Amino acid sequence: MKINLTENKKKILVLSCMVVLLVLAGTLSIVLNLNAGKLNDGNNSLDGTQSTFFTELQSDRELRKNEQIALLDAIINNDNSTQEAIANAEAEKLAIVNNIKTEMALEAMIKAKGFDNVAVMIGNEKINVFVDKAELLDEENATICSIIMEQTKFTIADIIVNPTMTK
C-alpha cells in the first residue's frame with residue numbers, strides 16, 4: 001500500500017521526526033546526568049569531579065554527533081532530496097563516523113602515555129585535547145602533539161591541548 005503525501009506533509013513529517021529525536025536525546029542526556037550525579041553523591045574528591053567532567057564532555061560530544069547523524073539520515077532518506085544533497089549528506093556522515101573512530105583511538109593512545117582522563121574533539125580545522133592535569137610539561141605537550149600528528153592530518157598549529165585545573 002503506497003501512501004501519497006504532499007511535499008509539505010513530507011517536510012512536516014521529517015521535521016516532526018527530528019524534533020522527537022531531539023527531545024529523546026535531551027531526555028536521555030538529563031537522565032544520564034542525574035544518574036552520574038547520584039553515583040558521585042558523597043564523593044567530593046577532585047578525582048570524582050574530574051571524572052564527571054570528562055564523562056560529561058564525552059557524552060555531550062557523542063550526543064551532538066548522534067544528532068548530526070540523525071539530521072543527515074533525514075536528508076539521505078528524504079524522497080525530495082537531490083542526488084547532490086544525498087551525496088553531500090553521506091560524505092558528511094562518513095566524516096563524522098571517521099572522526100568518532102579517530103577520537104577514540106587518540107584518547108586510548110594518549111591514555112597509554114599515562115594520562116588518566118582524556119577527551120579529544122576533532123573539528124574541521126582544529127583538534128582540541130583535554131587532559132586531566134593542572135599544567136603540562138613541555139615534554140608531555142610534545143608527546144600529545146606527536147601522537148596526534150602521526151595519526152591525523154593536523155599540524156602543530158591545529159592542535160590545542162587544554163590541561164584542566166584539578167587544584
Side-chain angles (χ1 to χ4, degrees), residues 18 21-76 85-167:
M18 285 186 217
L21 286 172
L22 186 60
V23 169
L24 286 173
T27 304
L28 181 61
S29 176
I30 290 168
V31 169
L32 290 174
N33 284 336
L34 289 175
N35 287 340
K38 288 179 186 174
L39 292 174
N40 287 328
D41 281 351
N43 180 9
N44 293 328
S45 71
L46 289 173
D47 187 43
T49 303
Q50 285 305 102
S51 289
T52 301
F53 169 78
F54 283 94
T55 302
E56 287 179 10
L57 185 64
Q58 290 166 335
S59 293
D60 289 345
R61 175 188 67 196
E62 185 176 332
L63 181 63
R64 279 185 283 115
K65 290 193 179 192
N66 286 339
E67 289 171 353
Q68 289 174 331
I69 289 172
L71 291 173
L72 293 169
D73 282 339
I75 293 169
I76 292 166
I86 292 171
N88 289 339
E90 288 174 339
E92 192 171 334
K93 183 178 174 182
L94 182 60
I96 290 170
V97 170
N98 286 332
N99 281 350
I100 291 169
K101 288 194 278 188
T102 303
E103 288 167 346
M104 291 173 59
L106 289 171
E107 287 172 359
M109 287 180 220
I110 294 169
K111 283 180 182 179
K113 295 294 182 180
F115 295 95
D116 293 331
N117 290 312
V118 178
V120 176
M121 301 175 89
I122 297 176
N124 290 333
E125 298 175 11
K126 300 282 183 190
I127 184 167
N128 280 282
V129 181
F130 297 88
V131 293
D132 188 7
K133 288 201 75 162
E135 289 184 42
L136 288 172
L137 302 173
D138 289 340
E139 181 180 303
E140 293 170 319
N141 195 35
T143 299
I144 292 169
C145 290
S146 175
I147 291 169
I148 292 169
M149 289 186 299
E150 289 172 3
Q151 301 297 318
T152 68
K153 62 176 174 45
F154 293 103
T155 65
I156 191 78
D158 302 326
I159 302 168
I160 302 167
V161 180
N162 303 288
T164 60
M165 297 302 290
T166 59
K167 296 184 181 186

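For clarity, every value in this text was computed on a predicted model and none was experimentally measured.
- Within the 4.5 Å cutoff, side-chain heavy atoms of Phe54 are placed close to those of Thr164.
- Looking at residues two or more places apart in sequence or on another chain, you find no side chain to side chain donor-acceptor pair (under 3.5 Å) involving Thr102.
- Remark: Ile100 CD1 to Asn66 CG distance equals 6.5 Å, nearest 0.5 Å.
- Atom-to-atom distance recorded for Ile147:CD1 and Met109:CE is 7.5 Å, nearest 0.5 angstrom.
- Asp73 meets the side chain to side chain donor-acceptor pair (under 3.5 Å) test with Lys93; sequence neighbours excluded.
- Between Ile144 and Val118 there is no side-chain heavy-atom pair separated by less than 4.5 Å.
- Annotation: the span from Glu90 atom CD to Ile75 atom CD1 amounts to 11.0 Å, rounded to 0.5 Å.
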Review item, side-chain donor-acceptor pairs of residues 152-159, under 3.5 Å, at least two apart:
from, atom 1, to, atom 2, distance (Å)
Thr152, OG1, Ile148, O, 2.7
Thr152, OG1, Phe154, N, 3.2
Thr155, OG1, Asp158, OD2, 3.1
Asp158, OD2, Thr155, N, 3.0

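- Applying the salt bridge (Lys or Arg N to Asp or Glu O under 4.0 Å) test to pairs two or more places apart or on separate chains, those with a residue in residues 97-114 are Arg61-Glu103, Arg61-Glu107, Lys65-Glu103.
- Among residue pairs with one or both ends in residues 137-148, those qualifying as salt bridge (Lys or Arg N to Asp or Glu O under 4.0 Å) are Lys133-Glu140; sequence neighbours excluded.
- If you take CD on Glu62 and CG on Leu57, they are separated by 12.0 Å, rounding to the nearest 0.5 Å.
- A search for side chain to side chain donor-acceptor pair (under 3.5 Å) contacts involving Asn162 returns Asn128, not counting sequence neighbours.
- Residues Cys145 and Val161 approach most closely at SG-CG2, 4.1 Å, considering heavy atoms.
- The two atoms that bring Ala134 and Pro163 nearest to each other are O-CB, 3.8 Å, heavy atoms only.
- Between atom CG of residue Asn88 and atom CD1 of residue Ile76 there is a gap of 10.5 Å, rounded to the nearest 0.5 Å.
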